There are 2 protein chains.
Amino acid sequence: MPSVKENATTEAEEQPLGWQAQKSAATRNLILDAAITCFIDLGYAMTTTAKISNKAGLSRGAMLHHFPSKSALIQAAVEYLHRRRLDAFRDAVSRIPADETDRIRAGINVYWQHLTSPLFVAFHELAVAARTDSELGDILYPAVDSFDQAWYETAKALFPEWEKTGDVFDLAMDLTQNLMEGMAINHMQEKDEQRAERLLTFLAKQLESMLEESNI
Amino acid sequence: MPSVKENATTEAEEQPLGWQAQKSAATRNLILDAAITCFIDLGYAMTTTAKISNKAGLSRGAMLHHFPSKSALIQAAVEYLHRRRLDAFRDAVSRIPADETDRIRAGINVYWQHLTSPLFVAFHELAVAARTDSELGDILYPAVDSFDQAWYETAKALFPEWEKTGDVFDLAMDLTQNLMEGMAINHMQEKDEQRAERLLTFLAKQLESMLEESNI
DNA sequence: TGATTCAAACATACCTGACTGTTTTTTAGG
DNA sequence: CCTAAAAAACAGTCAGGTATGTTTGAATCA
């Protein structure tokens, strides 16, 4: 068993007492990881409580002890996925060297890395399901807004020199987000690395020139 | 024994004898339309045979007479949807006036119209489901390839002056397709017409300049 | 013409399997 | 001991498939 390092989910405040029983939090995370893996491997629709508990390595009864219903589990999984997406993205951005010369291309690479990761696949499954599942939508859409805002703020922080470009920055971000997400979704079905690389290079050049033009 | 009975499914050629029984083709189309409507309204995952037959206005048994299994129905629905998408798209392109001055923007508008139509929503449902449903994938992917090729050929026919640009044309088409599909998928969740319009205008300008630059 | 025939179109009932949620029972920790 | 975690057994629902029954309508021949 790993040590008490793991207070993960909603333990915002300090718990000086890492109860032994608090180790059930580890089981919770185990279950939530299994749920996300199921979204990726089976798709949201074919994900059942039995499959999740099986993947997590415990019985359905045990899982229902931690999450009394499927919708409770789904809700927790959505929030867990959101947290992991945010953490992974911010972490990757923070790894960009401060003296990076081509920050635009570095930023593109970071986002592309995220979009081609399993986390985004899981998110996309949820997003599609939410279109016709209002209960899921109520849980998911706030997370979407939160991620989009964090994405926008991160980009603004990474490119302070775009500050004065105003509208151009918004247009550039819109272009980047829509193009790259479209690429990512197509990439799920047919991976063509060369074609993706060409488009990303084009996008980087394009963003450069948008910055130059508006910085006269 | 019936004389003209044979070619029921592929009545591509004129059948002077559209005997009454042949009107079952109408019922088939009714069912397939209902199936696609269900994909749009409920999503692929929540579409059941009962829901489809109900939407079509007949009993499940009656439907099972025309399509002996669910997968047979799905297969027919995929092909039907593909046909309707192709027809609608080609028809819309053919309606672009020959003397249209801004053919690029007209082409963009036609494709955007398609991407925001229910047919594309239904297609996207199928595409997502196919990722984790290989049986569906086997049916869907050939249709995808067919549509993509038709899209590419249509674009080449619409813009003959790009003929000599070679790679630039391919890049422009890649950009257009990925960007607009990304926009369309985001558009399903949150419709922001103004933002879409801005991006489409930008894309049109961008394509213009790509053409100019390579036509020196 | 009109009665008979026969297959297709349509409908009803039931069976099986899977999924969710509840309840009950066992195991382990403090 | 006593409480929480884990497992197992049970029940209700719903989906898809099969089997069988009913209607319709066109073709055939007296």
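Quick caveat: nothing in here was measured; it's all calculated off a predicted structure. Basis for what follows: all heavy atoms, side chains included, without hydrogens, waters or symmetry-related copies. The sequence lines fix the lettering, A, B, ..., with proteins before strands; numbering per chain opens at 1.
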> Can a donor-acceptor pair be found between the side chains of B:Tyr80 and B:Gln75 at a distance below 3.5 Å?
Replying inline: no

> In whole angstroms, how far is the P atom of C:dT20 from the CE atom of A:Met63?
Replying inline: 8 Å

Donor-acceptor contacts under 3.5 Å from residues 196-203 of chain A side chains, at least two apart:
from	atom 1	to	atom 2	distance (Å)
A:Glu197	OE2	A:Arg105	NH1	3.2
A:Glu197	OE2	A:Arg105	NH2	2.8
A:Thr201	OG1	A:Arg105	NH1	3.2
A:Thr201	OG1	A:Glu197	O	2.9

> Between residues 65-75 of chain A and DNA chain C, which residues have a heavy-atom gap below 4.0 Å?
Replying inline: A:Ser69, A:Lys70

> If you look only at pairs with a residue in residues 49-76 of chain A, which of them pass as a ring-ring contact (aromatic ring centres under 6.0 Å, His included), with sequence neighbours excluded?
Replying inline: none

> Restricting to pairs with a member in residues 131-150 of chain A, which pass ring-ring contact (aromatic ring centres under 6.0 Å, His included), not counting sequence neighbours?
Replying inline: A:Phe89-A:Phe147, A:His114-A:Phe147

>> Considering only residues two or more places apart or on different chains, which pairs with a residue in residues 29-55 of chain A satisfy salt bridge (Lys or Arg N to Asp or Glu O under 4.0 Å)?
In response: A:Asp33-A:Arg84, A:Asp41-A:Lys55

> Considering residues at least two apart in sequence or located in another chain, which fulfil the ring-ring contact (aromatic ring centres under 6.0 Å, His included) criterion with B:Tyr152?
Replying inline: B:Phe169

> Separation of A:Arg60 atom CZ from D:dC10 atom P, in whole Å?
Replying inline: 14 Å

> For A:Ser53, what residues pass the side chain to side chain donor-acceptor pair (under 3.5 Å) criterion, not counting sequence neighbours?
Replying inline: none

> Quick one: ring-ring contact (aromatic ring centres under 6.0 Å, His included) partners of B:His82, sequence neighbours excluded?
Replying inline: none

>> Output one letter per nucleotide in nucleotides 23-28 of chain C: B when a protein non-hydrogen atom lies under 4.0 Å from the base, S when only the sugar-phosphate is that close, - when neither is.
In response: ------

>> Run the side chain to side chain donor-acceptor pair (under 3.5 Å) test against B:Asp138 and tell me which residues pass, sequence neighbours left out.
In response: none

>> Contact list please: residues 30-59 of chain B against DNA chain C, heavy atoms, distance less than 4.0 Å, in numerical order.
In response: B:Leu58, B:Ser59

For residues 121-129 of chain A, tabulate all N or O donor-acceptor pairs below 3.5 Å that involve a side-chain atom, not counting sequence neighbours.
from	atom 1	to	atom 2	distance (Å)
A:Glu125	OE1	A:Tyr44	N	2.9
A:Glu125	OE2	B:Arg131	NE	3.4
A:Glu125	OE2	B:Arg131	NH2	3.2

